[in-house]
Structures are given as structure tokens and as C-alpha cells.
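Okay, so here's the structure we're looking at.
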There are 2 protein chains.
Amino acid sequence: MTSNNHDTLNTQLQELERQYAELRSRKLNLDLTRGKPAAAQLDLSNALDGILDGHYKLADGTDLRNYGGLDGIDEAKRLGAELLDVAPENVLVGGNASLTLMYHIVLHALHIGVRGPDSAWARQGKVKFLCPSPGYDRHFAICEELGIDMIAVPMDDDGPDMDRVEQLVRDDPMIKGIWCVPKYSNPTGCTYSDAVVDRIARLATLAGEHFRVIYDNAYAVHDLVGEPPRLASIMQACERHGTQDSVIQIASTSKITFAGAGLAFMAASKANLDSFKKHLGLVTIGPDKVNQQRHALFLKDRAALNALMQQHAAIIRPKFDCVIDQLEKGLGNRAMGRWNEPRGGYFVSFYTRPGLAGEVVRLAAEAGVKLTPAGAAFPYGKDPEDSHIRLAPTFPAIGEVEQAMQVFVICVQLATLRRQLSG
Amino acid sequence: MTSNNHDTLNTQLQELERQYAELRSRKLNLDLTRGKPAAAQLDLSNALDGILDGHYKLADGTDLRNYGGLDGIDEAKRLGAELLDVAPENVLVGGNASLTLMYHIVLHALHIGVRGPDSAWARQGKVKFLCPSPGYDRHFAICEELGIDMIAVPMDDDGPDMDRVEQLVRDDPMIKGIWCVPKYSNPTGCTYSDAVVDRIARLATLAGEHFRVIYDNAYAVHDLVGEPPRLASIMQACERHGTQDSVIQIASTSKITFAGAGLAFMAASKANLDSFKKHLGLVTIGPDKVNQQRHALFLKDRAALNALMQQHAAIIRPKFDCVIDQLEKGLGNRAMGRWNEPRGGYFVSFYTRPGLAGEVVRLAAEAGVKLTPAGAAFPYGKDPEDSHIRLAPTFPAIGEVEQAMQVFVICVQLATLRRQLSG
């Protein structure tokens, strides 16, 4: 670096330090950590409570209020089938948390065995899972608690690095599963290409019959743009490869109706559903059928679902636009980081220069802007590049998103310049 | 047996065979298997749906619809505290199934460890549980799936045989827990005496710090009589013995409001709750707070709860009276069996002469009356005496209970007499 350059940068740094000190003095309290819907989004589904109008019985005589119906009511299966692009008979409807279904799917395969005790993964040795990263921290936390070793796999713009995935499962028979968020991936926002979906469906032919893809399609209908990407049908791909038992699909209405009081869905082959239900029947007497029927009435057809999702997009798209605008304005063409422009889902992924993510998160916190901890999107919370930061703009008001992003941009600039000048 | 006696009995048998054949020809379809509330009971809580009247926010700003609040809302904790006779801060409120809480309490202690990984029961060897029997089949099913060996312990009229329980835990350090239903025990209907409650609370002093009593107070307020038995406070007893960490209490509203759409509660020491929440936070993002608030509003104070429980009793007491009447009428003073007269809860336990329970259940099924399988109330489904039958009269209409009990009485008489004459 020339001494002229150095002087210019020093001047810039002084100006940034001044701006940052000014921001700190404002004592902001802003939060971009969680992928939570805003109150205005939740308001869209306020009709749920009371929608039954005293009708607690289904046409087939089922009393929604009583025990029974381990895999959910048909009316709610239809909704899950719509979300996951499968037949209703392949759907199981759970309670309010898809995480609970996923935890039990892994627990069941690990300790109980999906095809009897001898098939339990834990009987065969130390179990490993592939974790495309950045990914969803709560997926990884399930592995960590259950003592499953996690192997990070890079995420590309069209899904996981499948060359690497295939090589790994070929080489190591103790790799028993992979986590996938195939559409508007949490947190990179990418949607798997047709080729990736096909290769995911083919994995079991390399990895063996007890390998499972946990295919968490959490953002299946959560589009932000008019012409959203189309996700190929994984079940059709599995049928082509004869691997229907290898993929367990997951969805929920958490970001459709009420985040904490919606429905979770699982779609799987008949053999997998039958086996899982034996386990599930020991864990619960059945899901809340009353709430299932509320949802079936509220989301009565595809048109109602689409209309609702467009209302969600109208509320949150401006927040995403604001994030992207602020990044463009503050960091465009400055080689201080890169980011994705999501076409749906709940997150923007930002990548600092290597080694700066933790520092940016720290600087932002001191200026009153809470961000998801650096590394959270990686197995064991460790981003090998210390570069990735997840931004979640849906919950705060748009004015807060703007303020928070102005702080964020300053923090990225400040961390980058400090490093540059000390390096 | 004199030949006169023999002739009399033969005549009786012929008459019974005739009656039984006649019953079979009626092609009845009756069911006394499940402890399910009747539709009229569920109707008592129909106001739940719509009770929020559009108010989805709590006074403290909590948005019931969004994520968050792993241990439930304060308003619902108050209700759990009422049911379990503890302070609200010792309560965790779950979803619609107390079974799910119990499964995870056992799983957590077994594989994860309530005081860190080294405390996990499974690390110490083959884990065993004490199962007072007859008991609740779904408790035992949790042990069976998780590979926990079950040791049956006799049930007396005042609770488990505590001499036996204390001896067993003293002799075998791998006994890590005991299942209890302390009030209106499922299925014997007994309520633990003050002395038994005290000895249960003292068990950890014999069994070690990682021993756990799963104290499923499912029928805490489910009285059928005007002056119900009073269950001593287990938490007060634990405080006397310094064993607060050894008891996990469970309750639910399944037989208060909607069987399949109510709330489950857990009460425990702060240390136990803190530890369990770490696990629970990996399994769910939180319970359905909307439904919790519905319940808090509906069961707004002790008076509302008591009034509701009296309405339940008014509906089901006649069914229990009918069961007892039919037993008295058909089997009183005939030495063909004995039974309890429950003062609350959901079940009557009937004991045939040894070796006849399975046969009675089979005869009843062939005459169109479904009963819980013989042995279901014992670990591994095996009643060593083949004597116990659980009768659950709440769900059918009273006319059906009467018909079913008439069949039952004939089946007991027939099985007993056949055996007597063949023996």
C-alpha cells in the first residue's frame, strides 16, 4: 500500500470511528436475529380462533376434541400434500413444531430402528450426518445432542456441493443422513436445481438402505417475487431411482399462519410412515385435531393459500428490499463482502472478508444491533472462514430494519478497514 | 364336589351357555376399552374455540401467536400450579400430551443426562424402573421402547407396596425410577395414603441422587364423590427430606377440557426445570401459547375449575354407578371376582379368579364387547395371575354401559363355571 493510500484509508477510518461512536451514543435496541414473522403477518390469520363456530365434528364422525388419529385428520393431510407436492396418504400431520417431528425422526432411526432394532444406526457404530453449511442451527443442534458427528459440506448457489456429498457417502458407511432445506435455503436463500434434487434422490443408491435425507421444505410457498423458482419434485425423483424410503419431507404452517400455533407435516413412504407411527404412538396420543381443522378451514384451497402468501410477501418484501438497498448503497463495489438477494424465505446471508464475521457481530452488538452469533449456521457453531452472518429482517418494523442495516454497514466497513490498516 | 352340587352347577352352566349364545346372536358392538371422555363432557368446554375474541396479546406484551416462551405462559403456569399444588415458578406448560413430556423426561435422563453427560443413566449400565402394577400401559410402553427393564411391584389399596419398593431400590443401584399415579390410580382407583406419599418422597435417600419418581397426577381434580380423598403434598414431603430433585410431577387438562387438544404440565425443582428446558429447546421452539391462553381464560380460577369438574362428575358418575350395580347384582357374594369402587378417575379394576382374565376378555369380544386386553396394565403386557381386567365406562352412553356390563357379568360367570366344572 502506498503512503498516499494509507493516508486516505486512515482518514476514512477516522471518519468511520466517528460515525460508529455516534451510533453507539444513540443507545439503539434493534434485533435482526430470528426468522420470526411480524405482528402484521400474524394478523392475517387472526380468523383462526373461533373459525370452527362450534363445529367440532368432521363429516366422517371424528370428534376433533377427543383422543385419537395419530397421523392427523384427512383435511389437514390435504394441506400438507399441497405444501409438499405428494399424495395425502403419504402425509402425517403433527403438532405445532416441525422440529419435534425431525427430532423424533432422527431419534427413531438412531436408537429404535426404522426396520426393527437391528436397523438402529447406533448399533453400527458412531453415526455421522452431512450438514450443508451455512445451514439451520436447530438441525445441527439435534445431531449434537444425540451424539451424531457432523460433517460440513459447502453450499453452492444451486444446493449442496453434490460431488463432495456423493464422495463422502461412498467412502463412509457410517454417514447415515443429510439435512436439506431445498427451497429458499436457511440461510443462503438458494433453491436446489433440478440436477441437485435428482442427485439427492439418488444418494441412497450409494449410501445404503438406512440412509435418510431430512428434507425440510420449510419455505415451500414463501415466495417474495412474482416468478419464483420451481423446486423439482423429490418424490418423483425418488420413484425414478427406487429410493422412496430414503427421503423424509417436512413442512409447517409456522410462517403461513401462527409461528407458534400452527401445524407441522411429514411426508414419507408408507413403510416409513408405518414404522414412525409405531414410535410416535408411544410419545403422544395424537396431535391437536381441533387446531388441524381450524387450519383446514382457514386454508381451504390452493387459492386461499396463495392469496395469504401474497399478503405475507407484501409485508416483508419491502424489508428485504431495504436490506439489499442498504448493502448496495454502503458496500456495493467496495469488495468488503458479498450477499445473496433472496427470492423467498426468511434470510439474507452476508459474507465478510475471511476472519471478520465475529468482529462485525460484536461491533453491531455494542452499537445496539443484535445479530445471530457468527458461526451459528455451521456445525458446532464454527464457521471455518469466520465470514458468514445471517440477517433476518422480517420481525422488526421497516424503519428499524433500515436503522439496523445502516449500523451493520458501518460495522462491516469499520471492521474491514481496521483489519486492512493493521494487516 | 358332591354329585348333587355337580348337577346344580351343570344346570347353571347350561343356562349360562344359553344366555351367552343369545347375547352373541345380538351382534352387539360395545367398547369399554379406553378412558375417553364422552361427547357430553367435551361439550362442556366448547367455549374454548373463539374465547380469545381477537385478543392475541398478553398484558406483558407477549404475542401468543409468535415463537418463544419454551416453558409456557404465566397464565397457564398458574393453572398447572393449581392442579399440582406447587408454586407457578415450578411449572412448565407443554403441548396437548403429557405423554410427550414424560417420554422426554425419561429420554433426557437416560441418554442425555440431567446433570451433564456423565449423569446419563445409560452410561452406568442396564437401567431398570419400578412399575407398580396394575398400572398405566403407556408408561410401561415408554420403558419398553427405550430398553429400560421393568420390575413389577404390587399395588395395595393405599399405593405401591412400599416395603418392596424400598427393598428393591436399596438392593439395586440400577433402578433409576418409578412410575406413580398417586390419585385415583390408573387403573385401580386408589389414592396414595399420606404415609406412602412420604415414603415415595424419601426414596431418593435410598436410591441415590439420579433416581426419579415420575409422578403422573393425571386425575388430580377428577372426583366422583362429594368428599374426595385428599392427596398429601409430595413437594412438601420432598422438602422435609431434602429430595426436591427426585420427583417430577405431571398433569394435564385432557380430562378437564378437550382430551386431544388440552395442555400438559410438568412441575419440578428449578434445577430439574433448567436442565430439562435445555433439552426441550432442541425438540421444540415452544408450546402452542394461543391454546394455553384459551385455557387460562376458560379455567380462570379455582371456582371455575371446580364447577367444571362437578359437571363432569354429574355426567360420568351414573356410568360408574351402573358398572358397580351390575357387578353387585351379577357377581355379589359369588366369589367369582372382586373389584374396586372408585371415588374418582376413569377406571374400575376387576379381578377374576386366577387364570381367567384372558378368557373373559375373549368371551366378551365374541359377544361384541371390547375390553382392554388382559394383562395390558402390567409390564410387558403380562399379568402373572391372569386376573386383572380394566373397565372404562366413561365414553359409551349409559345404556351401552349397562348392556356391556350385563355381557361382562355373564362372561365372568361362564368362564368361572366352565373352569370349575373342568377342574
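As the structure is a computational prediction, the values presented were derived from the model and not from experiment. What you see below is based on every heavy atom in this structure, not just the backbone, and it leaves out hydrogens, waters and symmetry mates.
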What part of [X] gets closer than 4.5 Å to chain B, counting heavy atoms only: side chain, backbone, both or neither?
| X | value |
| --- | --- |
| A:H104 | side chain |
| A:P117 | neither |
| A:L101 | neither |
| A:F258 | both |
| A:Y67 | both |
| A:A39 | both |
| A:N96 | side chain |
| A:L52 | both |
| A:I285 | both |
| A:R294 | side chain |

Heavy-atom donor-acceptor pair, A:R138 side chain to B:G281 backbone, under 3.5 Å: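 It does hold such a pair.
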Who wins among A:D49, A:L64, A:L99 for the most heavy-atom pairs under 4.5 Å with chain B?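 Of the options given, most contacts go to A:D49.
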What part of B:D63 gets within 4.5 angstrom of chain A, counting heavy atoms only: side chain, backbone, both, or neither?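 Side chain only.
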Is B:L282 close to chain A through its backbone or its side chain, or both, or neither, when contacts mean heavy atoms under 4.5 Å?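 When you check distances to chain A, atoms from both the backbone and side chain of B:L282 fall under 4.5 Å.
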Closest non-hydrogen contact found for A:P37 with B:N66 is O-ND2, 2.8 Å
Considering all heavy atoms, the nearest A:D288-B:N291 contact: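 So the two residues come closest at OD2-ND2, 3.9 Å.
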